[in-house]
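A short write-up of the structure that comes next.
Side chains included, hydrogens not; waters and symmetry mates left out as well; all remaining heavy atoms used. Just so it is clear: chains get the letters A, B, ... in the order the sequence lines come, proteins before strands, and each one is counted from 1.
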Amino acid sequence: MDYNTAELEAKWKAFWNENEVYKTSDDKSKPKYYVLDMFPYPSGAGLHVGHPLGYIASDIYARYKRLQGFNVLHPMGYDAFGLPAEQYAIQTGVHPAVSTNQNINFYRKQLDNLGFSFDWDRSVNTSDPKYYKWTQTIFLKLFSHYYNNTKDKAEPIDSLIAIFQKEGNVNVDAANSQDADFSAEEWNTFSEIQQDEVLMNYRLAYRKVGFVNWCEELGTVLANDEVKDGLSERGGFPVIKKPMRQWALRITAYAQRLLNGLDSVDFSEALKTQQRNWIGRSKGAKVFFNLKNHYSNIEVFTTRPDTIFGATFMVLAPEHELVSQITTLKQHKTVEAYLKYAGARSERDRMADVKSVTGAFTGAFAVNPFTGKEIPVWIADYVLIGYGTGAIMAVPSGDERDQRFAMHFGLDILPVVDQSAHQSAAIGDKVGTMINSGFLNNLPVKEAIPAAIAKIEELKIGEGKVNFRLRDANFSRQRYWGEPFPVKYNNKGVAFAESNLPLELPSLNNFKPTAEGKAPLARAEEWCNGEEFTREIDTMPGFAGSSWYFLRYMDPHNEAEPFSQEAVNYWQDVDLYVGGAEHAVGHLMYSRFWHKFMFDMGWVPTREPYKKLVNQGMLQGVIEFLYLLKEKQDDRAVFVSGDMLKNYEGQEFAHIPVHIDYVTGYGSDNSHLNSIGIEKFKKWRPDYDNALFITNSNDQLITKSEIGKISKRYFNVVNPDDVINDYGTDCFRMYEMFLGPLQDSKPWDTKGIIGVSKFLRKFWSLFYNLDNDWLLRDEKPSGAELKILHTAIKKVHNDIQNFSFNTCVAHFMVATNELKKLNCHKAEILKPLVVLMAPFAPFITEQLWHDFNEKGSIHKYAEYPVHDEKFLVENSIEYPVCINGKKRAVATFDANATKQVIEEHALSLDEIQKWIDGRTVRKIIVVPKRMVNIVV
RNA sequence: GCCCCGGUGGCGGAAUUGGUAGACGCGCUGGAUUCAAAAUCCAGUUCUCGCAAGGGAGUGGGGGUUCGAUUCCCCCCCGGGGCACCA
């Protein structure tokens, strides 16, 4: 019998299902461990070769933890709401629920093919009303809470209303977008609409008119992280800023906590840095500048309050609300023209063109509070409405952009920082000494900043302030295939919570926006328009359902609440989260935010959802090209071997992609087509049938090989199902891990899989011979064999703990090769090795387990084996003896030996004398367990 | 421009965090087996000089610390990723 993968896999998959082998245990006396994968969006294309990479790694870890006696939660589900299903519905009329279900079934089949140990009983689907009932519930909690800055937590909006009724909002310190102060009397006289508007400025889920990222092509609004370089992440369509009334989440209330939390979690530094940048905390001051001849003032944020004396003009963002109020009659036309120009520029235009200086003078003047001088107020689109206050004090001597602007429009430039002592300092660096700055003169910048803030606060024209780049998350999408907002509006437009959840999506058969450009849900007229109310026709974005799904896995069938306290108190949080780095700022930021909110609600016991995060790298492909002469010779196409190009100097070549199966060899100047490959190529491309192939002296046609995308046009697409057909699931899993470090991007090349395949067969041959005889014997293992075993256990243990699965596979191979060489078929050695293999190769090892039990004296081994460290130390033997670091001999000594070792064990003084050639020995260094070094 | 990673054979990658650089695998070369091929097995494989024994060089480049550096420090070059008028 041979190692027959298909037979094994079928048998054991059936066994798993019948016996519910991977059902999560309810045994709460065991310590828990939660291994989570980022759940996939079930697209029509199915899983590709890159998807399983992270799943395999997490599955290995889950199995490893189970063997160590943990109760492991390892679930899988589907992030099933989203754009592609809806686009597909618009094109074909197939309801998204139908196509999504088909895709889910397809995914399930593919996942099952990979031998994962998921507990499918706990699967979730974000588009299932039983699931999104709770997404809606959490949304309503956000809607009915505000953020109390003093207590630093979310609190019910009712308690805020009580305060308003008693004392207005003057003493309230809360995250808000409310500009005006009001008293209790005023609050009580507000109309229902006015009160609603005020409350919206405090709610954590709120509705507000704001500038949003509008993507015309997709017909919807996008969140900031869904926009890249002014284009939509999905589809790459242009995005513009547009004022719209939209739902938003007040994630900014949690900015500081989201930042602090990063210190307590085990994410890669790169990812933490990305999140920190996204949050973008900067310390400075807010300052009010009075306007001349105008009742209001301009609020600015600056990180350099020390340079106020140098503020010679101000700039507002074109969208700033003051623009229309302060523009003078004389400047009206200029400003209008500029607004028109700025409004027409898309985000992308603006980003592409940061060099050219544009702007317009409003005609208004503000007063510099420190110098008392009147300074002109301009508008320009280099000031962004979304950051800070949308207005700046411009210090052309201290800021490069302000300087460019001032020079272009001929505005005053007043130097305020003397940087002459700092040769390499750039404009804007926080070094130097203050000049031309009144009371700040001669102070170093570092001291001038706090001094300026103190003065600002003393003059009551502002205060020290921390500002964040993070913006509130836009939460409305003008789409059909998403969670409906559980909200209704009364005839005055005031929003109320829908009490009957889930609020299910109405059935539609046309998913396009309406003729008036309204979101598709407007087509469900009965659903939208009740007798006393209307419904929200926008739906929630993709990140709604994915922001809390890991909690639902803990208690997936609960119909009374999203998850029970009993479940969450046991499972706590995710111990290991594996997924792609592309979710670094989107999903990871939103779900951390929701988690912190639920912590405030007392729903979860932990402050952070994910203890440890591992990002798997991308799988790339190998691309092979042939060199084709652009000029034909005698009407024949000419392909030239890569190492013969020098004979064709001055001539141009085209690169023709060739199917990777025809190429032999491996690597940049080693890959080639041999004569067989050339024949295959000709058959594949009959148009080159009469082509001339200029091969090298070895009859090879050297190709140009690159690392790049896996894509049909490069003929390098590999389907995981095909690989599994040829080599088996175990082999596929191990090879994916063997390719390289989990976190790195690396190319897939099917050629290498033969090595893993050979290894598995070799491992198998330790147990059976070709006649299917069982080879194992109950003999006592030798010292050499035990050393192989304990070394393997130790290394594999370290490897798995460090997520170094590539070296882990290598260490299995070493152990197997060595045992094979010793012709070792001893049960006592192989038993623990089978257990170690289990995480990688579930089928083969379970078969072997089974056989152990069937064939005799060996008990089922369900515990992770531990290596014998003492044995390993005692059996350490040979270490090099070096002169000045260069190896000269080998000595035997134990870990704590000194120079006595040299004398006692291996080396005569004569010998040493010969090596050092008359020089005197300066010292002898013994590196424990490494070497003895004699320094001369 | 700023912020993160990273640079080791023909290729993917190891190196117990300062201790024999190149584990393991692919590829390649030679051999066994075969009528032959595939498959399989064995041996070799960093480069370089040498028939060989053996010598020399070597972890992007240059300098430094050290008995000893892929590893630590400084400067430079190259590649990948992220952010980008953030006041």
query: Paired with B:A21: which nucleotide, if any, by Watson-Crick or G-U wobble criteria at under 3.5 Å for both distances?
result: none
message: Restricting to side chain to side chain donor-acceptor pair (under 3.5 Å), what partner residues turn up for A:Asn467, sequence neighbours left out?
response: A:Tyr387
message: Which residues pass the side chain to side chain contact (heavy atoms under 4.5 Å, CB included) test with A:Gln743, not counting sequence neighbours?
response: A:Val614
Atom C1', compared across B:U71 and B:G60: separation rounded to whole Å: 16 Å
message: At under 4.0 Å between heavy atoms, how does the protein contact nucleotides 33-38 of chain B? Give one character per nucleotide, 5' to 3', with B, S or -.
response: ------
Gap in Å between the two C1' atoms, one belonging to B:A69 and one to B:C85, rounded: 44 Å
task: Rounded off to whole Å, could you give me the CD-to-C1' distance for the A:Gln743 and B:C4 pair?
output: 15 Å
field: Residues forming a side chain to side chain contact (heavy atoms under 4.5 Å, CB included) with A:Met644, sequence neighbours excluded
entry: A:Val640, A:Ser641, A:Asn647, A:Asn696
statement: Regarding the side chain of A:Lys746, the nearest nucleotide among B:G13, B:C28, B:U40 is B:G13
statement: Answer for the Watson-Crick or wobble partner of B:A57, both distances under 3.5 Å, is B:U46
- request: Could you verify whether a donor N or O on one side chain and an acceptor N or O on the other, from A:Glu299 and A:Thr389, lie under 3.5 Å apart?
  value: no
message: Within the 4.0 Å heavy-atom criterion, would you say A:Thr664 contacts the bases, only the backbone, or no part of the nucleic acid?
response: sugar-phosphate
- prompt: Considering only the C1' atoms, how many Å lie between B:C49 and B:G63, rounded to the nearest integer?
  reply: 30 Å
- prompt: A:Asn769 has an atom CG; how far is it from atom P of B:U40, in whole Å?
  reply: 19 Å
- prompt: Under the salt bridge (Lys or Arg N to Asp or Glu O under 4.0 Å) test, which residues partner A:Asp266, sequence neighbours left out?
  reply: A:Lys612
field: All salt bridge (Lys or Arg N to Asp or Glu O under 4.0 Å) counterparts of A:Asp799, not counting sequence neighbours
entry: none
task: Could I get the full list of side chain to side chain contact (heavy atoms under 4.5 Å, CB included) partners for A:Lys820, not counting sequence neighbours?
output: A:Lys762, A:Ser765, A:Leu766
message: What's the gap between B:C72 and B:G55 when it is taken at their P atoms, as a whole Å value?
response: 31 Å
B:U8 versus B:C4 - spacing of their C1' atoms, nearest Å: 22 Å
- request: Hey, which sits more toward the 5' end of RNA chain B by its nearest nucleotide, A:Glu269 or A:Ser745?
  value: A:Glu269
query: Applying a 3.5 Å limit to both distances, which nucleotide forms a Watson-Crick or G-U wobble pair with B:G1?
result: B:C83
- prompt: How would you list, by chain and number, every residue that makes a side chain to side chain contact (heavy atoms under 4.5 Å, CB included) with A:Gln256, sequence neighbours excluded?
  reply: A:Leu259, A:Asn260, A:Arg281, A:Phe468
query: Are A:Leu411 and A:Pro396 close enough that some pair of their side-chain heavy atoms sits under 4.5 Å apart?
result: no
task: Report the distance from atom CG of A:Asn802 to atom C1' of B:U17, rounded to the nearest whole Å.
output: 11 Å
message: Using atom C1' in both nucleotides, what's the gap between B:G7 and B:U33 to the nearest angstrom?
response: 44 Å
query: Do A:Phe313 and A:Phe405 have ring centroids that are under 6.0 Å from one another?
result: yes
message: Distance check needed: B:G12 C1' versus A:Ile623 CD1, whole Å only.
response: 16 Å
- request: Tell me, please, which residues at least two apart from A:Arg276 pass salt bridge (Lys or Arg N to Asp or Glu O under 4.0 Å).
  value: A:Asp263, A:Glu269
Just the table, please: protein N/O against nucleotides 23-26 of chain B N/O, every pair under 3.5 Å.
{"residue": "B:G25", "atom": "OP1", "partner": "A:Asn817", "partner atom": "ND2", "Å": "3.3"}
{"residue": "B:C26", "atom": "OP1", "partner": "A:Lys758", "partner atom": "NZ", "Å": "3.2"}

message: Looking at B:U33, which nucleotide sits across from it as a Watson-Crick or G-U wobble partner, both distances under 3.5 angstrom, or is there none?
response: none
message: So, using salt bridge (Lys or Arg N to Asp or Glu O under 4.0 Å) as the criterion, who are the partners of A:Arg401 when residues are at least two apart?
response: A:Asp399
field: C1' atoms of B:C42 and B:C47, separation to the nearest Å
entry: 26 Å
- prompt: Does B:A38 have a Watson-Crick or wobble mate here (both distances under 3.5 Å), and if so which one?
  reply: none
message: With syn defined as a glycosidic angle within 90° of 0 and anti as the rest, where does B:G9 land?
response: syn
task: Rounded off to whole Å, could you give me the CZ-to-P distance for the A:Arg276 and B:C5 pair?
output: 11 Å
Quick one: which protein N/O atoms are closer than 3.5 Å to N/O atoms of nucleotides 77-87 of chain B? Pair and distance per line, please.
{"residue": "B:A84", "atom": "OP1", "partner": "A:Arg469", "partner atom": "NH1", "Å": "3.3"}
{"residue": "B:C85", "atom": "O3'", "partner": "A:Arg401", "partner atom": "NH1", "Å": "2.3"}
{"residue": "B:C85", "atom": "O2'", "partner": "A:Tyr382", "partner atom": "O", "Å": "2.9"}
{"residue": "B:C85", "atom": "O2'", "partner": "A:Arg401", "partner atom": "NH1", "Å": "3.1"}
{"residue": "B:C86", "atom": "OP1", "partner": "A:Arg401", "partner atom": "NE", "Å": "3.0"}
{"residue": "B:C86", "atom": "OP1", "partner": "A:Arg401", "partner atom": "NH1", "Å": "2.3"}
{"residue": "B:C86", "atom": "OP1", "partner": "A:Arg401", "partner atom": "NH2", "Å": "2.7"}
{"residue": "B:C86", "atom": "O5'", "partner": "A:Arg401", "partner atom": "NH1", "Å": "3.2"}
{"residue": "B:A87", "atom": "OP2", "partner": "A:Tyr387", "partner atom": "OH", "Å": "2.7"}
{"residue": "B:A87", "atom": "O3'", "partner": "A:Thr302", "partner atom": "OG1", "Å": "3.1"}
{"residue": "B:A87", "atom": "O3'", "partner": "A:Thr303", "partner atom": "N", "Å": "2.5"}
{"residue": "B:A87", "atom": "O3'", "partner": "A:Thr303", "partner atom": "OG1", "Å": "3.3"}
{"residue": "B:A87", "atom": "N6", "partner": "A:Leu384", "partner atom": "O", "Å": "3.0"}
{"residue": "B:A87", "atom": "N6", "partner": "A:Tyr387", "partner atom": "O", "Å": "3.0"}
{"residue": "B:A87", "atom": "N1", "partner": "A:Leu384", "partner atom": "N", "Å": "3.3"}

- line: Atom CG of A:Asp744 and atom C1' of B:U8 are separated, to the nearest Å, by 14 Å
message: Using atom P in both nucleotides, what's the gap between B:C5 and B:C86 to the nearest angstrom?
response: 23 Å
task: Step through it carefully: locate the ring centre of A:Tyr341, locate the ring centre of A:Tyr338, and say whether they are under 6.0 Å apart.
output: yes
message: Strictly by Watson-Crick or wobble contacts shorter than 3.5 Å, is anything paired with B:G9, and which nucleotide is it?
response: none
